[in-house]
S.K.: 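Got a structure for you, questions after.
Chain naming here is simple, since letters A, B, ... match the order of the sequence lines and numbering starts at 1 in each. The shown structure was predicted, so the numbers you read here are calculated from the model rather than taken from an experiment.
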2 protein chains.
Amino acid sequence: MIGVAQEVGRVQIGELAKVTGTTARALRHYEQAGLISSERASNGYRVYEEGAAVRVRNIRYLLAAGLTLDDVRVFLPCLDGDVAAAPPSDKGLRVAWERLAVLNERIAAQTETRDRLEAALRQKAGGLIRPAA
Amino acid sequence: MIGVAQEVGRVQIGELAKVTGTTARALRHYEQAGLISSERASNGYRVYEEGAAVRVRNIRYLLAAGLTLDDVRVFLPCLDGDVAAAPPSDKGLRVAWERLAVLNERIAAQTETRDRLEAALRQKAGGLIRPAA
DNA sequence: TTCAACCCTGCCGCCAGCGGCAAGGTCAAG
DNA sequence: CTTGACCTTGCCGCTGGCGGCAGGGTTGAA
């Protein structure tokens with residue numbers, strides 16, 4: 001083993017992938033997209049600091065909610081709280097609010113659509129078929 | 001002009017695209033995906049019957065809400081109401097309810113995420129920046 | 001020394017929902 | 001008879017978020 005963790009949190013990509021439930025490939029992708037950063041060891045290996053895991057989990061959480069990497073980039077500085085990253089700039093915050101508004105619209109649209117679909121289904125199904133609940 | 005409409009609603013692809021606010025390309029795509037159907041004139045041109053416009057608008061509506069073409073295929077039979085298409089089969093209805101449940105989950109996830117983001121933003125912004133509303 | 005298990009950087013592939021273009025047929029008007 | 005607006009099929013391209021592989025270095029253990 002290459003050092004289970006000399007200093008806590010100084011971890012390489014495979015480990016980070018494992019603990020965050022993702023893949024090294026995805027992590028490199030996030031880095032290239034500017035969502036995470038890494039130092040390099042003398043051999044060129046990426047080394048992640050403590051807190052990276054939190055950040056990555058935040059990323060995954062937002063992605064899972066249907067946000068794009070661009071969106072995530074906007075919101076991340078507001079989520080890390082403690083870790084580095086630019087303290088959310090004024091402009092950054094404005095943009096974040098804008099994206100949030102967009103998100104709200106999307107949710108509204110989907111909700112409306114769902115309601116209509118549900119109504120249509122109830123009507124078609126008479127009473128034969130019921131919501132899975 | 002090739003006949004502004006001999007019988008009302010017997011219309012070709014460009015017209016249908018125009019009235020539904022989409023493109024011929026997209027309509028062919030929907031057809032290939034099995035979402036709409038068309039007869040052919042003797043010259044090979046697609047001819048759409050009345051009601052196609054409604055169907056297409058339904059499709060666009062659902063797509064705009066973030067559904068996939070697959071999803072749409074599932075829900076369409078329940079929306080046409082009058083037009084042809086298979087009368088929503090029993091199995092079809094079950095599947096539709098399932099998809100609806102998925103949609104609900106997605107909405108829930110997004111809503112939760114939005115709430116968290118909003119909270120984070122409020123905290124970061126103190127009171128400097130306010131929701132766009 | 002050799003091996004396995006890591007890591008690196010490309011670069012191509014996939015899915016979805018089309019856009020866009022080529023190469024050709026059809027039709028009505030001038 | 002030509003023009004131009006329409007239509008046809010087919011295929012390649014693009015965006016996003018990676019997956020996966022090739023080709024190569026580094027490490028620690030046996």
S.K.: Within this structure, what is the NZ-to-C1' distance between B:K18 and D:dC7, rounded to whole angstrom?
M.R.: 13 Å

S.K.: Measure CZ/B:R46 against C1'/D:dC7 and give the value in whole Å, please.
M.R.: 9 Å

S.K.: Any side-chain donor paired with an acceptor under 3.5 Å for B:Y30 and B:R25?
M.R.: no

S.K.: B:N58 versus B:F75: any side-chain heavy-atom pair under 4.5 Å?
M.R.: no

S.K.: Nearest whole Å is fine: how far is C:dC8 P from A:R40 CZ?
M.R.: 6 Å

S.K.: Taking the nucleotide of DNA chain C with the closest heavy atom to each, which residue, A:I13 or B:A26, is nearer the 5' end?
M.R.: A:I13

S.K.: Below 3.5 Å between N/O atoms, which protein atoms pair up with nucleotides 15-17 of chain C? Just atom names and distances, please.
M.R.:
unit_1 : atom_1 : unit_2 : atom_2 : d
C:dG17 : OP1    : B:L69  : N      : 3.1

S.K.: Is B:T23 near enough to C:dG19 that one of its side-chain N or O atoms lies under 4.0 angstrom from OP1 or OP2?
M.R.: yes

S.K.: Please examine the side chains of B:V72 and B:T68, heavy atoms only from C-beta on, and report whether any two atoms are closer than 4.5 Å.
M.R.: no

S.K.: How many whole angstroms separate atom OH of A:Y48 from atom C1' of C:dC6?
M.R.: 14 Å

S.K.: Output one line per pair: protein atom, nucleotide atom from nucleotides 11-15 of chain D, and distance, for all N/O pairs under 3.5 Å.
M.R.:
none

S.K.: Do B:V74 and B:D70 come within less than 4.5 Å of each other through their side chains, counting heavy atoms only?
M.R.: no

S.K.: First locate atom CG of B:L62, then atom CG of B:L76, and finally report the distance between them rounded to the nearest 0.5 Å.
M.R.: 6.5 Å

S.K.: Consider the side chain of B:R28, meaning its heavy atoms from C-beta on, and name the nucleotide among C:dC8, D:dT9, C:dT26 that approaches it most closely.
M.R.: D:dT9

S.K.: So do A:R114 and A:T111 actually touch side chain to side chain, heavy atoms under 4.5 Å?
M.R.: yes

S.K.: Could you state the atom-to-atom distance from CD of B:E31 to P of D:dG10 in whole Å?
M.R.: 12 Å

S.K.: Out of the candidates A:E15, A:E39, A:E31, only one should pair with A:R46 under the salt bridge (Lys or Arg N to Asp or Glu O under 4.0 Å) rule; please name it.
M.R.: A:E31

S.K.: Round to the nearest Å and state the distance from B:L16 atom CG to D:dT8 atom P.
M.R.: 11 Å

S.K.: Are B:Y48 and B:R55 close enough that a side-chain donor and a side-chain acceptor fall under 3.5 Å?
M.R.: no

S.K.: How long is the line joining OH of A:Y45 and C1' of D:dG28, in whole Å?
M.R.: 11 Å

S.K.: Are A:L67 and A:R106 packed together at the side-chain level, in the sense that at least one heavy-atom pair is separated by less than 4.5 angstrom?
M.R.: yes

S.K.: Can you check the A:Q12 CD to D:dG25 C1' distance for me, whole Å?
M.R.: 13 Å

S.K.: Please compare B:L27 and A:G44 by the position of their nearest nucleotide in DNA chain C and report the one closer to 5'.
M.R.: A:G44

